[in-house]
Amino acid sequence: MKKQVLLTAALLSATSIMAQKLAYPQAPKDGTVDTYFGVQIADPYRPLENDSSKATAEWVAAENKVTQEYLSRIPFRGKLLKRMKELANYEKVSAPSYIKPIDKWLFYKNDGLQNQSVLYIMDRLGDEKNARVFLNPNQLSTDGTVALKGIYFSHNGKYAAYAISRSGSDWQEFYVMDAKTGKLLDDHITWAKFSGAAWQGDGFYYSSYDTPQKGHEFSNVNSVQKIYYHKIGTPQSEDVLFYQNPANPMRFYSVSVNEEETMMFLYESGAGSGNTVYVRDLRQPDSQFIQMTSNLDLQYNLVETIGDKMYFLTNDGAPKNRLMVADLKHPGFSDWKTLVPESKDMLEGVTFADGKIILTYMKDASSHVYVYSMDGKQLSEIKLPTLGSAGFYGEKDRKEVFYSFSSFTVPTTIYQYDLSTANSKVYAAPKVKFKESDYVCEQVFYPSKDGTKIPLFITYKKGLKRNGKNPVFLYGYGGFSIAMSPYFSSIRIPFIENGGIYAQACLRGGSEYGEEWHIAGTKMQKQNVFNDFISAGEWLIENKYTSKDYLAIVGGSNGGLLVGACMTQRPDLFKVCIPQVGVMDMLRYHKFTIGWNWAPDYGTSAESKEMFDYLRAYSPLHNLRPGTKYPATLVTTADHDDRVVPAHSFKFAATLQAANAADTPTLIRIDTKAGHGSGKPLSKQLEEQADIYGFILYNMGLKY
């Protein structure tokens, strides 16, 4: 199939819709003015925060009409979507997981273009050809908008509880199956959120909120999370309230029980960047929880329990993490022992298998993996195929070890690793319709505004000329201790196989270099993140990879905030901006759903005059200036996004449309029956990405 090369694409005619001034619908307005520390701040589009009003619904419909008319007239959009579907149509298989209570193996598989991956069960490892469907989420809805969020087997092997979400919402529902027959039982739990199912006996614990106000299920603040115990065979109305803490309503609470059902753990988080942990000895009648840790700004992640020992991955006293062991007899942190001390690289993952420990480190945002003895001595390194990201799977009392590996040019491949021979072999490799050897991925380190070296991955087709005319898709996130490691996406291929460059920056605010790197991009250091991203664009231009006429920036959620802040600070630098499901109103973000949970990274406008001033100085919504020429912008959001409510994008888009002095399009794409992104059907993902890439190329004056 012959492709047109972007580099030689003709400019679109002057009569194209790109050059036309679009007519945008009038958004509902009022005279709202808020006062912060004596400073008055107008919020004229406040009515758009009412997600159930007729006026908002009419505005959404009118905006979508304008957007869809524009996108449908991009002449190559259909061709682009066709190629994306062709590339996405390959079998995707997960690593198999051993389920001890039922002595079976489970794995996920997607035949190619299925909206949701299907969960399969097999009696023996390697017997995929005889595997049976255990749960098919595609049968839970007609349009693929019901997603499987997790499955949890009872320790006695009788039951499997599974969690679903509808239309991309964070709200969860639990159903229960007979683990042996697959028969669906009558048990049904609603209004759970950020919850697993922690089994003890013939019941499980889950975390939920009170039933929300009708009509505001996806926008009102969630407070006082409660833990309930559900006994199988009883209605939810009879579930026993196990724990709540109304004194601290803006926190998360959950429990877990180890497989031997000897220990129960209670976790508290949401008031800092970390969590606290409590433990209870279930062998002792009427035992109480004992507090193990006390600093909500530090992370304590339980990895494994063996006998009375508890293994934790923590950044307490180790910004790049260390592995520690605690004893149930003396569980307080002061009695924990360091098993593997902090290293120069970030320790990101711990897996126990066959009497050994596999530690995954992050070095310059890529995975490096080592095998350790149970007494903390390094034994060997597990060599990976190239620079990329690896995730390991194993059980403490089994010899089987699997890992997934991917990079920008290597589709996710499953390997089986033999601890006794130190050999890896391919277990499942995808067949994607593109040639890996045709592409190059390089990593560079560029200086940010303050001189800090920032890692940048650049992926492109071999033979690319650095002439300043290559279209660049620059992606970033920069927050919440989330690393931007290499990963594969078939959606990028149509762009890079035709001369485009995919660039991914590892900004401060992430976890690439540990907690200090994260903190350097939070609160009153948040501007560092924007400087890092702007500097990435400037470096790509200075080094002739591209120019400002061919530079697009893209990011979602906190990355949507990133794009919004950078385009308002440097509207001259970018040709196209795509803020996806972004946090755009930094003065009010904490007033919706679980927005209060982001305060450790952002601070809030209520906590001090200094914090208010700082947030106001970069808040994307509050830094749009009438009469300014802004880049072509496509804002994306969804009607069921209850993580970052659509009001952020609504108000930003309305304000941008009123302020923009250029003839560039400023559109908003509002998806239906979709949320923040998790669980979105593949068909919806492909449609959205075809719109995004099509919008980018079209507004650069390029064809596909």
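All residue numbers in this chain count up from 1 along the given sequence. As the structure is a computational prediction, the values presented were derived from the model and not from experiment.
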**Message:** Please determine whether salt bridge (charged side-chain N to carboxylate O under 4.0 Å, His left out) holds for the pair Arg77 and Glu687, giving the CA-CA distance in whole Å, both sets of side-chain angles, and the decisive distance to 0.1 Å.
**Reply:** CA-CA 10 Å; Arg77 191 231 179 234; Glu687 290 276 352; 2.7 Å; yes
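- Note that CG of Asn110 and OG of Ser94 are 11.0 Å apart. Values are rounded to the nearest 0.5 Å.
- Salt bridge status for Asp639 with Lys673: absent, with no side-chain N to carboxylate O gap under 4.0 Å.
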**Chi angles and distances behind the side chain to side chain donor-acceptor pair (under 3.5 Å) call for Ser219, Asp51** = CA-CA 7 Å; Ser219 57; Asp51 57 337; 3.3 Å; yes
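- Side-chain contact check for Lys214 and Ser52: no donor-acceptor pair (N or O, by modelled atom type) lies under 3.5 Å.
- Once rounded to the nearest 0.5 Å, the distance linking CZ of Arg588 with OH of Tyr36 reads 6.0 Å.
- For the ring pair (Phe, Tyr, Trp, His ring centres under 6.0 Å) with Tyr439, the lone residue among Phe434, Phe495, Phe408 that qualifies is Phe434.
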**Request:** Please test Cys506 against Glu512 for side chain to side chain contact (heavy atoms under 4.5 Å, CB included), starting from the C-alpha separation and ending with a verdict.
**Result:** CA-CA 7 Å; Cys506 302; Glu512 287 86 350; 3.5 Å; yes
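- For Lys526, there are no salt bridge (Lys or Arg N to Asp or Glu O under 4.0 Å) partners two or more places apart in sequence or in a different chain.
- With respect to Phe592, the side-chain contact (heavy atoms from CB on, under 4.5 Å) criterion is satisfied by exactly one of Val645, Asp585, Asp642: Val645.
- Remark: side-chain polar atoms of Thr56 are not paired, donor with acceptor, to backbone N or O of Ser53 under 3.5 angstrom.
- Here the side chain of Thr145 pairs no donor or acceptor atom with the backbone of Asp143 at under 3.5 angstrom.
- In plain terms, the two heavy atoms of Tyr618 and Leu561 that are nearest each other are CE1-CD1, 3.9 Å.
- Applying the side-chain contact (heavy atoms from CB on, under 4.5 Å) test between Phe574 and each of Val563, Val472, Ile553 identifies Ile553 as the sole match.
- Remark: Lys629 does not engage Asp572 in a salt bridge, criterion side-chain N to carboxylate O under 4.0 Å.
- For the pair Asn623 (side chain) and Arg616 (backbone), a donor-acceptor distance under 3.5 Å is present.
- Checked against the 6.0 Å centroid criterion, the rings of Trp596 and Tyr589 do not qualify as a close aromatic pair.
- The residues Asp43 and Lys651 are annotated as salt-bridged, a charged nitrogen and a carboxylate oxygen being separated by less than 4.0 angstrom.
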**Request:** For Glu497 and Arg83, run salt bridge (charged side-chain N to carboxylate O under 4.0 Å, His left out): C-alpha distance rounded to whole Å, both residues' side-chain angles, the deciding distance at 0.1 Å, then the answer.
**Result:** CA-CA 11 Å; Glu497 72 182 355; Arg83 178 60 175 153; 2.9 Å; yes
**Request:** Begin from the C-alpha positions of Arg508 and Asp532 and carry the test salt bridge (charged side-chain N to carboxylate O under 4.0 Å, His left out) through to its verdict.
**Result:** CA-CA 7 Å; Arg508 280 174 283 187; Asp532 292 353; 2.8 Å; yes
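- Within the 6.0 Å centre-distance limit, the rings of Tyr602 and Phe480 are counted as a close aromatic pair.
- Here the straight-line distance linking atom CG of Asp641 with atom OG of Ser557 works out to 7.5 Å at 0.5 Å rounding.
- Here the shortest heavy-atom pairing between Pro47 and Pro44 reads CD-O, 3.6 Å.
- Residues Thr546 and Asn470 have side chains that never bring a donor and an acceptor to within less than 3.5 angstrom of each other.
- Annotation: the span from Asn699 atom CG to Leu634 atom CG amounts to 9.0 Å, rounded to 0.5 Å.
- In this structure, CE on Met700 lies 8.5 Å from NZ on Lys575, to the nearest 0.5 angstrom.
- A donor-acceptor pair is defined here as one N or O able to donate and one able to accept, closer than 3.5 Å; such a pair exists between the side chain of Asn138 and the backbone of Gln116.
- Between the side chain of Thr666 and the backbone N or O of Leu656, no donor-acceptor pair lies under 3.5 Å.
- Look at Glu58 and Lys54 and you find a salt bridge, because one of the NZ, NE, NH1 or NH2 atoms lies within 4.0 Å of a carboxylate O, short of that distance.
- When all heavy atoms of Leu615 and Met586 are compared, the closest pair comes out as CD1-O, 3.8 Å.
- A donor-acceptor pair under 3.5 Å is formed between the side chain of Gln504 and the backbone N or O of Ser485.
- Around the NZ atom of Lys591, the shell of radius 6.0 Å holds no more than 12 heavy atoms that belong to other residues, nucleotides or ligands.
- More than 12 heavy atoms of other residues, nucleotides or ligands shown are found within 6.0 angstrom of NZ on Lys433.
- Under a 3.5 Å cut-off, the side chain of Gln580 and the backbone N or O of Thr636 do not form any donor-acceptor pair.
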**Check against salt bridge (charged side-chain N to carboxylate O under 4.0 Å, His left out), Asp601 and Lys523** = CA-CA 6 Å; Asp601 249 52; Lys523 292 193 173 179; over 6 Å; no
**Prompt:** Between Met84 and Tyr693, is a side chain to side chain contact (heavy atoms under 4.5 Å, CB included) present by the stated rule, with each step listed?
**Reply:** CA-CA 11 Å; Met84 285 184 174; Tyr693 278 93; 3.6 Å; yes
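- A cation-pi geometry, defined here as NZ or CZ lying under 6.0 Å from the six-membered ring centre and within 45° of its normal, holds between Arg492 and Tyr487.
- Smallest separation of non-hydrogen atoms from Gly112 and Leu682: O-CD2, 3.5 Å.
- Listed for the Ser167 side chain is no donor-acceptor partner under 3.5 Å among the backbone atoms of Ser169.
- Nearest heavy atom pair, residue Phe652 against residue Pro579, reads CE2-CG, 4.4 Å.
- Using a 4.0 Å cut-off between charged nitrogen and carboxylate oxygen, Lys65 and Glu69 count as a salt-bridge pair.
- In terms of heavy-atom proximity, Thr568 sits nearest to Pro571 at O-CD, 3.7 Å.
- Taking the six-membered ring for Trp and the full ring otherwise, the centers of Tyr502 and Tyr460 sit at least 6.0 Å from each other.
- No donor-acceptor contact under 3.5 angstrom links the side chains of Asn531 and Ser535, judged on distance only.
- The pair Asp170-Arg643 meets the salt-bridge criterion, since a charged nitrogen lies less than 4.0 angstrom from a carboxylate oxygen.
- The existence of a salt bridge linking Lys680 and Glu688 is confirmed by a sub-4.0 Å separation between a basic side-chain nitrogen and an acidic carboxylate oxygen.
- Although no hydrogens or angles enter the test, the distance criterion places a donor-acceptor pair under 3.5 Å between the side chain of Asn558 and the main chain of Gly478.
- Under the 3.5 Å distance criterion, with hydrogens and angles disregarded, a donor-acceptor pair is assigned to the side chains of Gln213 and Asn220.
- Aromatic ring orientation, Trp191 versus Trp171: perpendicular (interplanar angle above 60°, classes split at 30° and 60°).
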**Prompt:** For Arg166 and Glu173, what are the C-alpha separation, side-chain angles and deciding distance, and is it a side chain to side chain contact (heavy atoms under 4.5 Å, CB included)?
**Reply:** CA-CA 9 Å; Arg166 300 183 189 276; Glu173 298 174 44; 2.6 Å; yes
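- Put simply, OG1 on Thr32 and CD1 on Ile41 are 13.0 Å apart, with the number rounded to the nearest 0.5 Å.
- Of the possible donor and acceptor atoms, one in the side chain of Ser407 sits under 3.5 Å from a partner among the backbone N and O of Val410.
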